[in-house]
Amino acid sequence: MADLTTQFLDLPVKNPVMNAAGVWCSVASQLEALAESAAGAMVTKSCTLQPRDGNPEPRYRVLDGDKPFGSINSMGLPNEGFAYYLRYAQRHDYEEKPLFVSLSGLTLDDNLTMIDSLKDAVTPAILEVNLSCPNVPGKSQIGYDFESMDTLLAEVSSGYQRPFGVKLPPYFDMAHFDEAAEILNRYPLVAFVTCINSIGNALVIDLASETTLIKPKDGFGGLGGDYVLPTALANVNAFYRRCPNKTIIGCGGIKSGREAFMHILAGATLVQIGTSLYEEGPGIFQRVLDELSAIMDEKGYATTEEFRGKLKTL
Ligand code: RRO
């Protein structure tokens with residue numbers, strides 16, 4: 001029987017599967033459900049300094065039926081505010097599983113203020129800075145502005161002085177993989193990189209009604225699910241190859257043990273489930289773990305380390 005225990009940074013983790021930030025993690029009852037689920041780790045909804053209502057509804061739609069399975073969202077960073085997630089972080093049972101706290105301040109100053117409080121609170125929570133929210137009207141993604149990304153990483157490194165991670169947007173050009181990785185590699189405290197956030201500013205159209213599926217931003221929103229799996233795998237593998245001293249978390253298109261296996265093969269240490277968790281609920285973790293175990297047994301792998309990053313090329 002496969003052994004799914006994993007080491008993340010210096011922490012033992014029971015298994016490599018967790019939620020994607022934003023899904024099932026906005027309020028305490030959802031966080032408690034994740035804590036009680038089979039997930040090996042969990043992350044809180046990206047938060048801002050003050051609570052936000054987010055964008056008008058409908059702002060999330062599942063894509064299924066005759067289409068590939070996926071989702072489009074333009075939530076607009078609805079969240080309960082940093083203090084709320086910090087309170088959860090202060091009562092979380094870290095013996096059970098690690099907790100990541102995702103920050104997505106509207107300004108660099110807001111990020112630094114939250115980071116100061118997180119540091120002062122001295123919880124074992126792991127900081128992830130979201131550089132890739134695609135859905136706040138008028139705000140571009142920091143991960144697509146390399147100068148701002150460099151400045152932010154310098155400021156967070158000197159303010160936080162502990163290892164942290166970043167959630168990246170998908171990149172689509174080899175030169176961008178090179179440049180983003182080169183910047184990340186300047187900062188040794190960037191211990192992990194989560195690839196990918198949703199593919200931003202996609203447009204899904206309903207043929208019959210000739211309308212967009214979601215209301216905010218004239219229907220433009222972040223794409224998840226089957227549509228993003230190959231892009232996610234490419235980004236995981238691109239950063240795995242370019243950032244040998246960093247740990248990679250894979251996110252995008254995982255709905256069964258098969259995609260979880262592929263992400264680990266591409267170089268991921270942990271893998272996150274977004275759209276499928278939204279649709280199926282926290283029971284999905286046990287299913288994906290059972291499927292991943294069965295694939296490993298069939299292939300003769302006893303641990304994830306035996307195949308992590310061992311993708312073969314032709
Ligand atoms: O809240 C959102 O609209 C959102 C965020 Br912060 C993000 O990082 N990724 C996404 O697809 N939606």
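Note that these values count all heavy atoms, side chains included, but never hydrogens, waters or copies made by symmetry. Note that ligands are numbered from 1 as they come in the structure, with each ligand's atoms numbered from 1 the same way.
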Considering only non-hydrogen protein atoms, determine which one is nearest to atom 4 (C) of ligand 1 and report residue, atom name and distance to 0.1 Å.
-> N135 ND2, 3.7 Å
Out of L127, V156, T194, V190, which residue meets the side chain to side chain contact (heavy atoms under 4.5 Å, CB included) rule with V166?
-> V190
Got a salt bridge between R91 and E32, using NZ or NE/NH1/NH2 to carboxylate O under 4.0 Å?
-> yes
Side-chain ion pair, K14 and E96, N-O less than 4.0 Å | yes
Selection from L131, V136, N197 by shortest heavy-atom distance to atom 7 (C) of ligand 1 | N197
Hey, is S198 one of the residues with a heavy atom under 4.0 angstrom from ligand 1?
-> yes
Any N or O on M75 sitting closer than 3.5 Å to an N or O of ligand 1?
-> yes
At a 4.0 Å threshold, what atoms of ligand 1 neighbour a non-hydrogen atom of L77?
-> 1 (O), 2 (C), 3 (O), 6 (Br)
Give the ring-plane orientation class for Y301 versus F307, where under 30° counts as parallel, over 60° as perpendicular and anything between as tilted.
-> tilted
Is the count of non-hydrogen atoms from other residues, nucleotides or ligands lying under 6.0 Å from D53 atom CG greater than 12?
-> no
Over 12 non-hydrogen atoms of neighbours within 6.0 angstrom of CZ in R258 | no
Which ligand 1 atoms does P134 reach within 4.0 Å, using its non-hydrogen atoms?
-> 7 (C), 9 (N), 10 (C)
What is the nearest protein non-hydrogen atom to atom 5 (C) of ligand 1, stated with its residue, atom name and distance?
-> C133 SG, 3.5 Å
Could you list which atoms of ligand 1 come closer than 4.0 Å to a heavy atom of P78?
-> 1 (O)
H176 and Y171 aromatic ring geometry - parallel, tilted or perpendicular at 30°/60° bounds | perpendicular
Exam field: side chain K119 to backbone G159, donor-acceptor pair closer than 3.5 Å = yes
Pick whichever of N73, N55, V23 has a heavy atom sitting closest to atom 12 (N) of ligand 1.
-> N73
Hey, which atoms in ligand 1 end up nearer than 4.0 Å to a heavy atom of K45?
-> 1 (O), 2 (C), 6 (Br)
G200, A20, G76: member with heavy atom nearest to atom 3 (O) of ligand 1 | G76
